[in-house]
Amino acid sequence: LETSAIAVSSAVVDGVNTNVITVNFANEMTDTALELSNYTLDNVALPAGTTIGFVGNKNVVQITLPASYVITTNAPFKFGVSKELTTKNGEAIRLTDGDATTASTLQLVETITLEDNKAPQFSNVAKLLLNGGAATDSANQVKISFTEALDALDTTNVADDFIVKVNGTEVAYTAAELADVNKSIVLTLGTAYNTAQTITVELAKENLSITDVAGNLIVTGQSVTATK
């Protein structure tokens, strides 16, 4: 029985993970290559909501994991392909580097890398005292903490990313700087406020520029009330 080689890769577009796995077969396949049961990820069935289809021709299968499949950090995954698959001409399949990574007699296993696809989120917003002083009633900064480290700020666009309100009235901020090993952003307001006042910070609804180090754009719609 002749064999047909396959190669497996994960897809990353513009630095952002798309949850796409591409399987390149050397020869044309039958529609059985579109049966999700023929593939596994880390030794379990592909998650519910996964879609699959041919791309361009019947040599290339594209598997898209659901958006709900969250990967919090870049990591290797074992991707398995059933040895029961055969080409249109009845050829058995094998990995391009041989069967050295075969985990069992039933599967071919290739190690692929899936990248962090979880967007950063607010975890807390705190009031900071005026210019770092010891006063307890006046402040001019707010510190926004995030669930993960952020990439360098776009100093031009970050000026429009946040909406800061003091007792319901929007106030401008004049500076935004990373802090706490890039897991926080400190905003300096144009005017001081009383720490007894209610401070809320929300994200603008469009044109956001803040990303984590993997390039995942922060999700709009988040709003947090500051604490002392």
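Reckoned from all heavy atoms, side chains included, excluding hydrogens, waters and symmetry mates. These numbers were taken from a predicted model, which means no experiment stands behind them.
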State which residue, out of Thr40, Asn38, Val61, Ile93, fulfils the side chain to side chain contact (heavy atoms under 4.5 Å, CB included) condition with Val81. Ile93

For Val20 against Gln62, the heavy-atom pair lying closest together: CG1-CG, 3.5 Å

Would you say Ser138 and Thr195 make side-chain contact, with heavy atoms under 4.5 Å? no

Please round to the nearest 0.5 Å and tell me the distance separating atom CG of Leu153 and atom OG of Ser209. 7.0 Å

Has the side chain of Thr147 got a donor or acceptor atom that lies under 3.5 Å from a matching backbone atom of Pro120? no

Reported CD-to-CG distance for the pair Glu177 and Asn182, which is rounded to 0.5 angstrom: 12.0 Å

Please report the interatomic distance CD(Glu91) to OG1(Thr86), rounded to the nearest 0.5 Å. 9.0 Å

Is there side-chain contact between Leu208 and Asp161, with heavy atoms separated by less than 4.5 Å? yes

To the nearest 0.5 angstrom, please state how far the CD1 atom of Ile52 sits from the CG atom of Leu65. 10.5 Å

Does the side chain of Thr188 pick up a donor-acceptor pair with the side chain of Gln141 at under 3.5 Å? yes

Closest heavy-atom pair, Thr50 versus Pro66, reported as atoms and distance to 0.1 Å, is OG1-CD, 3.4 Å

Evaluate Asn216 against Thr211 for side chain to side chain contact (heavy atoms under 4.5 Å, CB included), listing each step before the verdict. CA-CA 5 Å; Asn216 296 301; Thr211 65; 5.9 Å; no

Closest non-hydrogen contact found for Val186 with Ala179 is CG2-CB, 4.0 Å

With Lys58 as partner, the option from Thr30, Asp31, Asn27 fulfilling side chain to side chain contact (heavy atoms under 4.5 Å, CB included) is Asp31

Linking I/L/V/M/F/W/Y whenever any side-chain heavy atoms sit under 4.5 Å apart, do Val23 and Val60 land together? no

Checking Tyr193 against Val142 for the side chain to side chain contact (heavy atoms under 4.5 Å, CB included) test, could you report, in this order, the C-alpha distance in whole Å, the side-chain angles of both residues, the deciding distance, and whether it holds? CA-CA 11 Å; Tyr193 59 89; Val142 290; 3.6 Å; yes

Pairwise distance CZ(Phe162) to OG1(Thr200) - rounded to 0.5 angstrom: 13.0 Å

Look only at the side chain of Asn140 and the backbone of Leu189, and say whether a donor-acceptor pair between them is shorter than 3.5 Å. no

Can you confirm whether Val125 sits close enough to Ile199 that some side-chain heavy atom of one is under 4.5 Å from a side-chain heavy atom of the other? no

Determine, step by step, whether Leu108 and Lys83 satisfy the side chain to side chain contact (heavy atoms under 4.5 Å, CB included) criterion, reporting the C-alpha distance in whole Å, the side-chain angles of both residues, the deciding distance to 0.1 Å, and the verdict. CA-CA 6 Å; Leu108 299 172; Lys83 282 187 174 181; 3.5 Å; yes

Does one hydrophobic cluster hold both Val224 and Val171, with members joined at side-chain heavy-atom distances below 4.5 Å? yes

Do you know the tightest heavy-atom contact between Gly221 and Leu203? N-CB, 4.5 Å

Working note: Phe77 + Thr111, criterion side chain to side chain contact (heavy atoms under 4.5 Å, CB included); need CA distance, chi angles, decisive distance, verdict. CA-CA 6 Å; Phe77 287 77; Thr111 299; over 6 Å; no

Co-membership, hydrophobic cluster, residues Leu36 and Leu85, 4.5 Å side-chain: yes

Note, Thr191 side chain near Val166 side chain (heavy atom, < 4.5 Å): no

Check: Ile185 and Phe146 side chains under 4.5 Å, non-hydrogen atoms: yes

Between the main-chain N or O of Thr113 and the side-chain N or O of Asn74, is there a donor-acceptor pair closer than 3.5 Å? no

Would you confirm whether Asp212, through its side chain, and Ala149, through its main-chain N or O, come within 3.5 Å as a donor-acceptor pair? no

Please report the closest heavy-atom contact between Asn57 and Phe54, naming both atoms and the distance. O-CB, 3.4 Å

Verify, without hydrogens or angle tests, whether Gln222 (side chain) and Phe122 (backbone) share a donor-acceptor contact under 3.5 angstrom. yes

NZ of Lys183 to CG of Leu178, rounded to nearest 0.5 Å, is 13.0 Å

Establish, from distance only, whether the side-chain atoms of Asn117 and Asn19 form a donor-acceptor pair under 3.5 Å. yes

Indicate yes or no for a side-chain donor-acceptor contact from Lys127 to the backbone of Gln197 under 3.5 Å, with no hydrogens or angles considered. yes

Would a 4.5 Å heavy-atom cut-off, applied to side chains only, mark Lys143 and Asp180 as touching? yes

If you look at every heavy atom in Lys78 and Val109, which pair is closest and at what distance? CB-CG1, 3.8 Å

Has the side chain of Tyr39 got a donor or acceptor atom that lies under 3.5 Å from a matching backbone atom of Leu34? no

Kindly work out whether a path of hydrophobic side-chain contacts (I/L/V/M/F/W/Y, heavy atoms less than 4.5 Å apart) joins Leu217 to Ile210. yes

Would a 4.5 Å heavy-atom cut-off, applied to side chains only, mark Glu170 and Ile163 as touching? yes

Is any side-chain heavy atom of Leu41 closer than 4.5 Å to a side-chain heavy atom of Tyr69? yes

So if you build clusters from Ile, Leu, Val, Met, Phe, Trp, Tyr with side-chain heavy-atom gaps below 4.5 Å, do Ile144 and Leu150 land together? yes

